[in-house]
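Remember, predicted model here, so these are calculated numbers, not experimental data. All heavy atoms count here, side chains included; hydrogens, waters and symmetry mates do not.
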Amino acid sequence: ADAAACAAIYGHHVRHGTATFETEAPDATEMALRMAKVLDAGSPWLVACDDAGTVTGYAYAAQFRDRPAYRFACEDSIYIADQARGKGLGSALLTALLTAAEASGFRQMVAVIGGAEPASAALHTRAGFRESGRMRSVGRKHGRWLDTLYMQRELGTGDSKAPDAEP
C-alpha cells in the first residue's frame with residue numbers, strides 16, 4: 001500500500017541526488033515489486049509516517065548479494081522525503097532496521113553509500129558503522145564522477161560463532 005509514496009520519495013533522490021546511481025525513477029508498480037522481493041525473502045522493509053499518516057521515509061535491508069554464501073550479510077537502504085530531512089528520521093529508521101535485520105538472521109550490515117554522501121556516512125558512523133572500502137569514480141551522475149563508500153557493522157554475534165546451519 002505504501003509503494004506509490006516510497007516511489008515518490010525515491011524518485012526525488014533519483015532525479016536530484018547522488019545517493020542512488022539509478023537515473024530513471026521507478027514507478028509505483030516497480031517499487032511494489034521491489035518491496036515484495038525484499039519482504040518475500042523474509043527481510044525487513046520499514047516505512048515511517050508523520051502524525052497525519054503521510055509516508056516520510058523508508059528503510060530496508062536485503063541480502064548483500066544473491067549467492068548463498070552471502071546469506072548472513074545484508075545491505076541497508078534508507079530514503080527520507082525531502083521535507084522530512086534533518087529531523088532525526090534517518091537515525092530512527094536505521095536503529096529500527098538494525099534490530100529488524102538482526103531478527104531476520106543477518107550477522108553483518110553493509111552500507112553502500114553512493115556518491116559517498118557525507119550525511120549518510122555520518123548517519124552510519126553514529127550507528128557504529130566503520131569504513132570498509134571506497135571505490136573511486138565508479139559512477140557518473142549530474143555531470144560529475146562519484147565514489148562509492150562502503151561501511152560495515154556487525155549484527156548480533158557477528159562472526160564470533162558459526163550459524164546454526166550453513167548456507
Sub-4.5 Å side-chain heavy-atom contact between C74 and V110: no

Listed pairs under 3.5 Å, donor-acceptor, residues 51-64 side chains, sequence neighbours left out:
residue, atom, partner, partner atom, Å
T56, OG1, A48, O, 3.3
Q63, NE2, R65, O, 2.7
Q63, NE2, R67, O, 3.1

Would you name the heavy atoms of P26 and A7 that are closest together and state the gap between them? O-CB, 3.8 Å

Establish whether M135 and L146 are linked, either directly or via other cluster members, by ILVMFWY side-chain heavy-atom contacts under 4.5 Å. yes

Under the side chain to side chain donor-acceptor pair (under 3.5 Å) rule, what pairs show up with a residue in residues 15-36, not counting sequence neighbours? Y10-T20, Y10-E22, T18-E117, E22-R34, E30-R34

Note, E154 side chain near Q108 side chain (heavy atom, < 4.5 Å): yes

Side chains of F21 and T148, heavy atoms from C-beta outward: is any pair under 4.5 Å? yes

How far does CD of E166 sit from CZ of F72, to the nearest 0.5 angstrom? 7.0 Å

Check side-chain hydrogen bond (donor to acceptor under 3.5 Å, both in side chains) between E75 and all other residues, then give those that pass, not counting sequence neighbours. none

Using a 4.5 Å cut-off on heavy atoms from C-beta on, say whether the side chain of V47 contacts that of C6. yes

Does any pair with a residue in residues 147-167 pass ring pair (Phe, Tyr, Trp, His ring centres under 6.0 Å), and if so which ones, sequence neighbours excluded? none

Counterpart residues, side-chain hydrogen bond (donor to acceptor under 3.5 Å, both in side chains), relative to T157 (two or more places apart): R107

CZ of R134: more than 12 outside heavy atoms within 6.0 angstrom? yes

Running the 4.5 Å side-chain criterion over Ile, Leu, Val, Met, Phe, Trp and Tyr, what cluster does L97 land in, apart from itself? L46, I78, I80, L89, L93, L94, L98, F106, M109, I113, L123, F129, L149, M151, L155

Would you indicate whether R140, at its atom CZ, is surrounded by more than 12 heavy atoms from other residues, nucleotides or ligands within a distance under 6.0 Å? yes

Determine whether H13 and I9 make a side-chain contact, defined as any pair of heavy atoms from C-beta on separated by less than 4.5 Å. yes

For D147 and G115, indicate whether the former's side chain and the latter's backbone hold a donor-acceptor pair under 3.5 Å. no

Tell me whether R126 contacts the main-chain N or O of S91 through its side chain, where contact means a donor paired with an acceptor under 3.5 Å. no

